[in-house]
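In this text the structure is predicted, and so the values were computed from the model without any measurement.
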Amino acid sequence: MTAPERVKQSSESSTWLVLPSEAYRQAVDQADLAISITDAKANILFANEAFSRVTGYSREEIVGKNEAVLSNHTTPAATYQAMWKELAAQRPWSGKLLNRRKDGDIYLAELNISPVVDSSGKTTHYLGMHRDVTELHRLERVVRNQKQLIESVVDAAPIAFALLDPTGRVVLDNQEYKKLVTDLRVKEPAHTLLDSLAPDWREALAEDPGQCTFVNREARIDRPAGRARWLSVTSSVIDIQSDCADSYFCAAGQPGLLLAMADITNLRDEQERTRAAVLQAVLAEEERTAAIREGLSAAIFRLEEPMNVMASALSVLQRRDPAAASVLQQALTGSREHLESLRQVIPPRAQEIVVSVNLNEILRDVLEVSTPRLLGAGITVDWQPAATLPTILGRPLQLRMLFKALMDNAIEAMNVKGWKRRELTLTSVVEHDRIVIIVADSGPGIPEDWRHKAFEPFFTAKGGSGRHIGTGLSRVQQVVADHGGIIDLDESPSGGCAAIVEFRLDGDPI
């Protein structure tokens with residue numbers, strides 16, 4: 001530099017200081033970055049000490065030689081062509097070249113070359129700055145290889161993984177998790193599972209992530225088509241380091257939630273098959289007992305009708321013929337004693353403890369048990385469950401008997417000679433604070449003016465008579481009421497009957 005440069009001292013002052021050219025020369029020479037100045041043909045005119053350290057050439061050895069002496073001749077020709085194209089257009093160029101030191105060692109150089117243009121607009125020199133990035137390149141490759149290795153291992157794992165950031169967004173997953181998205185037809189299976197296993201996880205993740213941790217909790221996800229999926233889920237909190245610049249001096253990261261989801265469907269299916277066999281026997285026994293109870297109750301009900309007539313006749317006969325009335329009174333008293341004895345032999349209802357119940361599981365059990373009857377009647381089933389259902393407090397056996405009775409009624413309604421459309425729709429859904437179960441058939445349905453009578457004891461719509469021996473839907477209504485729910489009958493979309501059962505999530509009566 002032939003002329004001294006002037007530097008403004010401050011923005012508030014108009015005083016300028018003169019910086020000697022020697023200061024510029026020393027600054028460039030002592031810079032830790034390798035700097036060289038060449039002529040327009042890339043012949044080296046100046047090289048600083050850092051340049052000598054990087055290349056191994058002393059200043060005396062390198063000045064006067066072309067920059068090409070550093071090339072290892074393995075850099076693609078296209079890279080040089082792109083470089084000279086930019087420089088010819090008087091634009092700076094940045095890139096990487098494979099160079100060779102004086103001792104023959106190869107290193108990767110990261111270059112920044114700027115054209116120096118004179119007042120006439122002609123390129124007179126090139127200012128080059130480069131540094132050895134061989135070690136940085138090696139570390140980048142090591143990190144990349146480790147990343148690919150980890151991703152390959154995670155993707156090959158038979159367990160689905162998902163990492164959620166503090167806002168609940170899935171920021172990392174693997175192939176098994178992507179399969180869950182397709183298989184379950186939900187946008188984020190992680191959210192569906194957490195909603196089922198830890199309903200307040202969103203608030204807890206933001207305030208106290210430790211509340212979201214658990215080990216091997218099982219979740220059932222029901223699908224409209226296909227069998228239910230069972231997943232064993234483990235949740236743990238990990239530290240996620242931010243990649244933002246303002247977090248550079250901050251050692252603490254943000255909590256993330258790592259979910260590991262193992263498919264245990266096959267294991268559960270084996271258990272379910274064993275349980276289904278036992279359940280079928282239990283339901284059959286309960287149905288037999290209920291039939292005995294219902295038959296005896298119906299018999300007592302029928303016997304009480306003539307006895308009530310006899311009691312009315314007795315009050316009249318006592319005034320006209322006291323002797324005959326006495327004989328009738330003895331007969332009536334004996335009959336009532338016999339009826340009371342008959343009541344004593346009616347099998348009592350089984351006493352069940354109240355436990356947490358998943359109604360989807362109850363409905364699945366009923367479908368399993370009813371499959372032979374459904375196939376025998378040629379009925380197709382449209383199973384439309386909610387993917388996950390909150391549990392409610394209830395008595396499992398009673399609930400199974402409840403929905404089996406509704407399903408049996410639907411099967412019986414459609415299983416008539418000549419009836420072609422035989423479809424049963426079973427739906428479960430969560431609506432606000434309630435779980436709604438709908439059992440709908442495509443049978444002949446129930447006239448609207450009979451629907452309020454359907455829950456009366458000994459009512460039936462069969463044959464149009466409106467009466468039969470038995471308790472009908474009154475037993476179903478009693479079970480629903482015992483669980484604080486309500487049941488209603490409506491017309492199904494196919495014109496048949498739809499039984500709608502509702503239970504509150506908090507267990508309070510509706």
Side-chain angles (χ1 to χ4, degrees), residues 1-2 5 19 21-118 121-151 241 243-245 247-249:
M1 301 180 185
T2 58
E5 299 288 344
L19 192 62
S21 299
E22 180 62 19
Y24 280 97
R25 187 191 67 77
Q26 290 180 3
V28 172
D29 200 32
Q30 295 175 24
D32 192 50
L33 188 67
I35 299 175
S36 63
I37 300 174
T38 71
D39 60 17
K41 296 182 179 181
N43 295 312
I44 299 174
L45 304 178
F46 170 81
N48 67 352
E49 292 182 8
F51 188 93
S52 296
R53 288 196 303 271
V54 172
T55 64
Y57 291 97
S58 65
R59 187 176 302 179
E60 292 74 16
E61 290 174 322
I62 201 66
V63 170
K65 293 185 178 180
N66 195 276
E67 289 272 5
V69 72
L70 299 176
S71 176
N72 188 54
H73 305 294
T74 52
T75 301
T79 302
Y80 286 111
Q81 292 170 2
M83 178 186 74
W84 282 112
K85 182 179 179 180
E86 292 296 303
L87 295 178
Q90 295 185 341
R91 293 191 293 264
W93 177 85
S94 298
K96 294 182 177 67
L97 300 177
L98 206 56
N99 283 354
R100 181 185 294 273
R101 294 189 178 89
K102 179 182 176 181
D103 60 8
D105 286 347
I106 299 173
Y107 71 99
L108 185 65
E110 184 179 68
L111 274 77
N112 290 279
I113 305 175
S114 299
V116 178
V117 182
D118 62 13
K122 179 181 178 182
T123 300
T124 59
H125 300 83
Y126 292 107
L127 173 65
M129 294 175 284
H130 82 273
R131 58 179 182 145
D132 183 355
V133 294
T134 306
E135 181 63 14
L136 180 61
H137 168 72
R138 186 188 71 79
L139 293 174
E140 287 178 348
R141 286 295 173 91
V142 168
V143 171
R144 186 182 304 170
N145 290 340
Q146 289 179 342
K147 181 175 180 292
Q148 290 179 346
L149 177 62
I150 293 172
E151 289 178 349
Q241 296 294 327
D243 55 2
C244 298
S247 66
Y248 180 78
F249 293 103

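- Atom CZ of R100 is surrounded by more than 12 heavy atoms from other residues, nucleotides or ligands within 6.0 Å.
- Checked by atom type and distance alone, the side chain of N72 never pairs as donor or acceptor with a backbone atom of L97 at under 3.5 Å.
- With rounding to the nearest 0.5 angstrom, the CD1 atom of I113 is 10.0 Å from the NE2 atom of H130.
- When each of N99, L108, L139 is paired with T134, the side-chain contact (heavy atoms from CB on, under 4.5 Å) condition holds for L108 and for no other.
- Taking 4.5 Å as the limit, every side-chain heavy atom of Q30 sits out of range of all side-chain heavy atoms of N48.
- The shortest distance between side-chain heavy atoms of K102 and T55 does not fall below 4.5 Å.
- Inter-residue side-chain proximity for V142 and R138 is flagged as met; some heavy-atom pair is nearer than 4.5 Å.
- When side chains are defined from C-beta on, L127 does not count as touching F46, because their heavy atoms never get closer than 4.5 Å.
- You'll find the side chain of N43 stays beyond 4.5 Å of the side chain of T38, heavy atoms only.
- Heavy atoms from other residues, nucleotides or ligands lying under 6.0 Å from CG of D32 number 12 at most.
- The two residues R59 and S52 make their nearest non-hydrogen contact at N-OG, 3.6 Å.
- A donor-acceptor distance shorter than 3.5 angstrom exists from the side chain of N66 to the backbone of K41, with no hydrogens or angles considered.
- A heavy-atom distance below 4.5 Å is not found between the side chains of R53 and D132.
- In this structure the side chain of Y126 reaches within 4.5 angstrom of the side chain of P115, judged on heavy atoms.
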